[in-house]
Amino acid sequence: MSTRGAWSSKLGFILAGAGSAIGLGAIWRFPYYTGDNGGAIFVFVFLIFCFFIGYPVMIAELTLGRFTQKNPVGMFNRLSGGKKLWKGIGGLCVVNGFTIFSWYSVIAGFIIGYLYKTASGAFNTQLTNEAVDSIFSTFTSNAVNVVGLHFLIVFCTGFVVYRGVKGGIEMLSKWLMPVLFFLLVVLAIRSVTLEGAGEGLRFYMYPDFSKVSGIMVLKAMGQALFSLSLGMGTMITYGSYLSKKENVPASAAWITFFEILVCILAGFVILPAVAAMGQSYAQGPDLIFKVLPSIFAAIPGGYFFGVGFFILVVIAALTSTVSILEVPVAYFVDERKWSRRKSVLFVASIAWLIGTPAALAFGASDFLTNLPGIEWSFFDIMSTVFGEASLSVGAFFIAIFTAYIWGIRKAITDIESEGNKFPIGKIWGFLLKYIAPFTIIIVFIYTVWSIFAG
Ligand code: PFF
């Protein structure tokens with residue numbers, strides 16, 4: 001156990017878990033998904049998925065990890081008695097670790113680029129929307145920029161993960177999460193008080209039920225899993241460093257609560273400002289890069305807010321990338337008996353290679369930006385297949401495994417060990433057995449059907 005590392009305290013664990021959850025998913029992806037998918041109705045469906053699927057699956061993942069003290073492959077192997085299917089699902093978690101890490105670091109690299117731009121005064125004055133657009137496209141079409149920054153993030157993440165659980169991951173989260181939260185509140189207040197923000201607030205807060213569609217529901221489900229770091233074994237791995245003393249449902253509730261809070265706040269920062277600047281909500285992954293500079297320009301002392309904000313987002317992204325990288329690394333350390341150093345080097349190099357075409361898919365390569373025959377970029381494919389679909393598959397199997405293979409009773413016994421209480425144990429069992437897996441399947445089938453039915 002001692003060589004695997006462990007969390008130093010309950011607070012340290014909650015902050016590291018929240019650090020994993022809170023990242024680009026909340027600050028970059030949630031606002032643009034909300035913008036792309038009809039506003040408030042998307043938020044509403046997202047919240048339902050967080051409560052009824054995300055929270056129960058998080059308790060399951062943490063418990064599976066804590067009980068076995070293993071990475072996802074080792075955990076499935078042990079609790080299934082070595083069954084191939086389940087080891088394969090553990091393998092899917094490890095593959096997700098490689099792939100999600102690779103594209104996620106691309107966006108984290110963009111944030112560093114924007115930190116530099118803000119610090120060098122590029123957004124000190126109010127710019128036209130066209131000027132902001134052109135700053136973004138000039139930046140992302142420079143291959144050296146995007147690939148180099150991607151490398152920087154992969155390198156920094158590798159360094160933190162190499163330092164291990166307590167010294168690296170936990171310390172980073174403990175200090176910086178509260179500051180990030182404070183800055184988001186200040187920016188949200190500024191954004192909602194901009195002239196013309198009202199229309200954005202309406203878009204964000206009044207659901208339009210005519211916008212419900214299969215794709216929108218799938219996106220909301222994917223976003224709930226992604227932002228809570230579920231479906232790829234991150235919480236299994238983090239749970240494996242957790243002691244029996246801790247109350248899993250309570251820790252999971254805090255992590256879920258913080259994550260939702262940051263998502264909602266990020267929406268209040270971005271969407272009212274989109275309306276105030278007369279921009280379009282549906283700009284996809286570029287959204288925050290085109291909106292934030294205008295907010296900073298409109299704030300007294302905006303230069304400092306801008307620089308501070310991007311520094312914190314880089315850190316929020318790093319506390320998430322380390323949790324993603326930790327999954328494949330824990331696999332190689334536990335199952336293959338590799339050293340931590342070799343595992344980090346191997347996984348980080350592969351992830352950098354896979355991420356490179358994703359980094360070039362924002363204009364640096366025409367081919368990767370507009371893949372022939374489909375309207376998608378290489379980045380869109382990576383982030384949808386591995387940031388959404390594969391997480392839903394993972395979460396489905398984790399729910400089925402806990403409910404039907406390991407068993408709700410054994411899980412509850414472990415959760416309640418050392419005198420911990422789990423008053424909603426029965427409801428949890430019900431959600432995990434009947435609601436989570438079947439909802440995931442139904443949403444999948446409905447989406448495929450709605451795509452084919454046009
Ligand atoms: N939850 C992180 C975010 O929202 O930025 C991303 C993430 C981390 C996804 C860990 C999946 C994961 F296992």
Side-chain angles (χ1 to χ4, degrees), residues 15-34 46 49-50 54-55 57-58 60-62 64-65 71-72 90 92-111 153 157 160-161 169 172-173 176-177 180 184 219-240 252 255-256 258-267 285 288 312-331 347 351 382-395 398:
L15 285 174
S20 165
I22 297 167
L24 299 177
I27 295 161
W28 158 77
R29 203 190 213 206
F30 178 77
Y32 100 70
Y33 267 32
T34 307
F46 163 78
F49 281 124
C50 286
Y55 179 57
V57 170
M58 187 183 295
E61 284 204 24
L62 289 172
L64 290 167
N71 67 87
L92 176 73
C93 291
V94 174
V95 170
N96 269 336
F98 275 95
T99 46
I100 295 181
F101 179 46
S102 69
W103 68 258
Y104 192 95
S105 312
V106 170
I107 302 295
F110 288 6
I111 302 277
I153 294 288
T157 309
V160 176
V161 171
I169 299 173
L172 203 61
S173 313
L176 295 152
M177 286 296 127
L180 173 70
L184 275 175
K219 295 249 162 202
M221 184 168 82
Q223 176 64 20
L225 295 172
F226 182 80
S227 54
L228 292 170
S229 302
L230 299 171
M232 59 157 279
T234 296
M235 291 298 169
I236 298 176
T237 311
Y238 270 29
S240 76
I255 297 173
T256 307
F258 284 135
E259 169 61 22
I260 290 177
L261 204 62
V262 174
C263 283
I264 299 292
L265 265 177
I288 73 161
L312 287 164
V313 177
V314 170
I315 291 158
L318 275 178
T319 55
S320 302
T321 49
V322 292
S323 76
I324 304 174
L325 178 59
E326 181 63 24
V327 174
V329 167
Y331 162 75
V347 181
M382 288 288 284
S383 79
T384 305
V385 173
F386 295 108
E388 227 153 64
S390 68
L391 293 183
S392 307
V393 173
I398 289 166

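Just follow the structure's listing: the first ligand is 1, and inside any ligand the first atom is 1.
Note: an N/O pair closer than 3.5 Å links L24 and ligand 1 by distance alone. Checking only distances, S227 does come within under 3.5 Å of ligand 1, N or O to N or O. Considering backbone and side-chain N/O of S229, one or more are found under 3.5 Å from N/O of ligand 1. In terms of polar-atom proximity, defined here as any N/O pair under 3.5 Å, L228 makes no such contact with ligand 1. Between I324 and ligand 1, no N or O atom pair is found at a separation short of 3.5 Å. The shortest N or O to N or O distance between Y104 and ligand 1 is below 3.5 Å.
S323 and S20 share a side-chain donor-acceptor pair at under 3.5 Å.
The two atoms that bring S390 and L92 nearest to each other are O-CD2, 4.2 Å, heavy atoms only.
Y33 has its ring centre no less than 6.0 Å from the ring centre of F46.
From the protein, the heavy atom lying nearest to atom 9 (C) of ligand 1 is F226 O, 3.4 Å.
Look at I100 and you'll find every heavy atom at least 4.0 Å from all atoms of ligand 1. Ligand 1 lies nowhere less than 4.0 angstrom from a heavy atom belonging to W28.
The atoms of ligand 1 that sit less than 4.0 Å from any heavy atom of G25 are 3 (C), 4 (O), 5 (O). Atoms of ligand 1 found under 4.0 Å from any heavy atom of A21 (numbered from 1 in listed order, with element): 1 (N), 2 (C), 3 (C), 4 (O), 5 (O).
A side chain to side chain contact (heavy atoms under 4.5 Å, CB included) with V161 holds for exactly one of L325, T321, I324, V347; it is L325.
A parallel orientation is assigned to the rings of W103 and F226, their planes being inclined by less than 30° (bins at 30° and 60°).
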